Number of protein chains: 2
Amino acid sequence: MLPSSTVENYLKAIYVGETHLVGGQKLVPMGQLASALGIAPGTATTMVKALAESGLVTYEPYNGVRLTPAGEKLAARVLRRHRLIELFLVQVMGMNWDEVHEDAEQMEHVVSDRLIERMDEMLGRPEFDPHGDPIPTPDGQLAHRALETLLTCPLNTPVTVARVTDQDAAFLRFIESHHLKPGETIQVEERDEASDSVKLKGRDDQRMTIGARAASKLLVST
Amino acid sequence: MLPSSTVENYLKAIYVGETHLVGGQKLVPMGQLASALGIAPGTATTMVKALAESGLVTYEPYNGVRLTPAGEKLAARVLRRHRLIELFLVQVMGMNWDEVHEDAEQMEHVVSDRLIERMDEMLGRPEFDPHGDPIPTPDGQLAHRALETLLTCPLNTPVTVARVTDQDAAFLRFIESHHLKPGETIQVEERDEASDSVKLKGRDDQRMTIGARAASKLLVST
DNA sequence: GCCACGGTTTTGAGTCATCAAAATAATAAA
DNA sequence: TTTATTATTTTGATGACTCAAAACCGTGGC
Ligand SMILES: [Mn+2]
Ligand SMILES: [Mn+2]
Ligand SMILES: [Mn+2]
Ligand SMILES: [Mn+2]
């Protein structure tokens, strides 16, 4: 039985949720899953039990859920499609990086393998999507990069923006308008705990100050 | 309420069904609708009653169904998307014309207006899809052409293939391999009632014989 | 060690889309 | 006109997916 869009969305959310877990944690709590999918907690519980029944996840009541190898394979496939489609929409269709998420969210479930393969080919087997998120390989491997946030990277040292971990359109437009998209080189000049902000030097030595919250969503390579 | 994929498919099938009706007929019978959608007749009846309830169709029990202006607007929109997507997949993505139907069938329900507009723009506001089917304009107008089938067009006169009215992949590949795609110029040399076949002269004066059934699916302009 | 609270699960219900098969209506044949 | 055939509608049921709200569990505070 091929998985429904709903099942694919659950698996993808669990997959992404697992990467967000800190430390040795391995289980995604139901509350987090429910809010990631925008559904009621009870619905998540019911669905996850069904997913466990079909061998795609392991479910520990009151603890959370984890993907089985079978579930992980499916999840990586969906995430690969999502990110390839996003990149395609930006690179080939000329759409803005803040408006491709919703299209990708739907298309990831319906386009044929053949079309995905054509996109991948046209894009030259890309490794990262427009937001710097890694694109899983066809066999489910995720490129791992050692990145730091603007809150932890070295001061007064050129760093390259590599990834933006927030899909919010307004935030993405802000990033773009301040030339902070992946690929741009910047420096962190100062961090101020009290004012909860970070001072940056960007393109053309342009100075700017952003909040710590925003700074934590900009990942850079040194 | 935005229409579900199911509703969109029903409306599209009724829309296309109406164009296939001969004479002054105006109602699409339930059986035809059901088989076009590949569902049980009883399901069609139930759904159509719901569509009538929401003002998208007019339903006459035991006679059939017809689109209201509201329903026709939605149906034309879906058909426009379907055919634009098909053309996009062929022209831009380099897919074959016999493998784009299924992708379009799904994508028509999910891609954003913005993306459709980009496709339309990239393709130069096309009027016909890869099969020669007219693409409804944004306001729902369908280009009408006076076409004849290979069963009725004049003999020994150059005619141009304009449209192929069968989405079956094997048939489309046959058409392609014999250089009978829309745009090709051919001549009908002879029709034989007894053998139920038609003799053609195609590209490079290549002779071929095809069955009447197939001939009726090739529409030409004189 | 009890209790309150936040997170989780259960319960009961509803929507949408579907089918198989029985009942019925329209139509063609005898 | 009766009968047989075919198309259509009704009926009863199922499977996914969802919610609201009640019940429940586990843990940290006191
Ligand atoms: Mn999705
Ligand atoms: Mn992305
Ligand atoms: Mn469709
Ligand atoms: Mn077509």
Side-chain angles (χ1 to χ4, degrees), chain A residues 1-14 17 20-23 25-66 71 74 78 105-106 108-110, chain B residues 1-14 17-18 20-23 25-66 71 74-75 78 105-106 108-110:
Chain A
M1 342 270 111
L2 79 167
S4 66
S5 296
T6 302
V7 167
E8 291 189 337
N9 283 335
Y10 273 81
L11 295 178
K12 180 158 63 88
I14 296 167
H20 288 349
L21 292 178
V22 286
Q25 288 283 92
K26 21 179 72 160
L27 291 174
V28 179
M30 302 309 275
Q32 176 180 316
L33 179 59
S35 91
L37 291 168
I39 58 179
T43 306
T45 299
T46 307
M47 277 296 303
V48 162
K49 283 202 281 193
L51 294 177
E53 203 58 42
S54 44
L56 296 171
V57 305
T58 302
Y59 169 55
E60 291 181 21
Y62 292 100
N63 280 323
V65 63
R66 171 190 27 236
L74 274 175
V78 179
E105 195 60 53
Q106 298 303 126
E108 65 188 3
H109 310 294
V110 304
Chain B
M1 345 265 108
L2 79 167
S4 66
S5 296
T6 302
V7 167
E8 291 189 337
N9 283 334
Y10 273 83
L11 296 177
K12 181 159 62 88
I14 296 168
E18 284 181 358
H20 288 348
L21 292 177
V22 285
Q25 288 281 93
K26 23 179 70 158
L27 292 174
V28 178
M30 302 308 274
Q32 174 179 319
L33 178 60
S35 88
L37 290 169
I39 57 179
T43 306
T45 300
T46 307
M47 278 297 303
V48 161
K49 282 201 282 194
L51 293 177
E53 203 57 41
S54 44
L56 296 171
V57 304
T58 302
Y59 169 54
E60 292 180 21
Y62 293 101
N63 280 324
V65 63
R66 171 189 29 236
L74 275 175
V78 179
E105 195 60 53
Q106 298 304 126
E108 65 189 0
H109 310 294
V110 305

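Residue numbers start from 1 in every chain, and the chains themselves are labelled A, B, ... in the order their sequence lines are given, proteins ahead of strands. Not measured: the values here are computed from a predicted model.
Rounded to whole Å, atom P of C:dA25 lies 6 Å from atom OH of B:Tyr62. At whole-Å resolution of the value, CG in B:Asn63 and P in D:dT8 are 9 Å apart. To the nearest angstrom, C1' of C:dT15 lies 13 Å from CE of B:Met1. Between A:Leu51 atom CG and C:dT9 atom P the separation is 13 Å, expressed in whole Å. Rounded to whole Å, atom P of C:dT9 lies 11 Å from atom CG of A:Leu33. The interatomic distance linking B:Lys49 (NZ) with C:dA17 (P) rounds to 16 Å, in whole Å. At whole-Å resolution of the value, CD in A:Glu8 and P in D:dC17 are 11 Å apart. If you measure from atom CD of B:Gln32 to atom P of D:dA7, you get 12 Å, rounded to the nearest angstrom.
Residues A:Met47 and A:Leu37 are not in side-chain contact: their nearest non-hydrogen atoms beyond the backbone lie 4.5 Å or more apart.
Close to D:dT8, at under 4.0 Å from its OP1 or OP2, lies no side-chain N or O of B:Thr45. Between A:Ser4 and D:dC17 there is a side-chain polar atom (N or O) within less than 4.0 angstrom of OP1 or OP2. Residue B:Tyr59 places at least one side-chain N or O closer than 4.0 Å to OP1 or OP2 of D:dT9. A close approach under 4.0 Å does occur between a side-chain nitrogen or oxygen of A:Tyr10 and OP1 or OP2 of D:dT18.
Among the atoms of the strands shown, only primed sugar atoms or phosphate atoms (P, OP1, OP2) are found under 4.0 Å from some heavy atom of B:Gly31. If you check every strand for non-hydrogen atoms under 4.0 Å, B:Thr43 touches a base.
In the set D:dT18, D:dT8, C:dC19, the nucleotide with an atom closest to the side chain of B:Ile39 is C:dC19. You'll find that the side chain of A:Pro61 is closest to C:dT9, out of C:dA17, D:dT9, C:dT9.
Ion pairing between B:Glu60 and B:Lys26 fails under the 4.0 Å rule for side-chain N and carboxylate O.
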Just do the side chain to side chain contact (heavy atoms under 4.5 Å, CB included) check on B:Thr45 and B:Tyr59 with the steps written out, would you?
CA-CA 9 Å; B:Thr45 300; B:Tyr59 169 54; 3.7 Å; yes
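Rounding to the nearest 0.5 angstrom, the gap separating the OG atom in B:Ser4 from the OH atom in B:Tyr10 is 9.5 Å. Atom CD of A:Gln32 sits about 10.5 Å away from atom CD1 of A:Ile14, to the nearest 0.5 Å.
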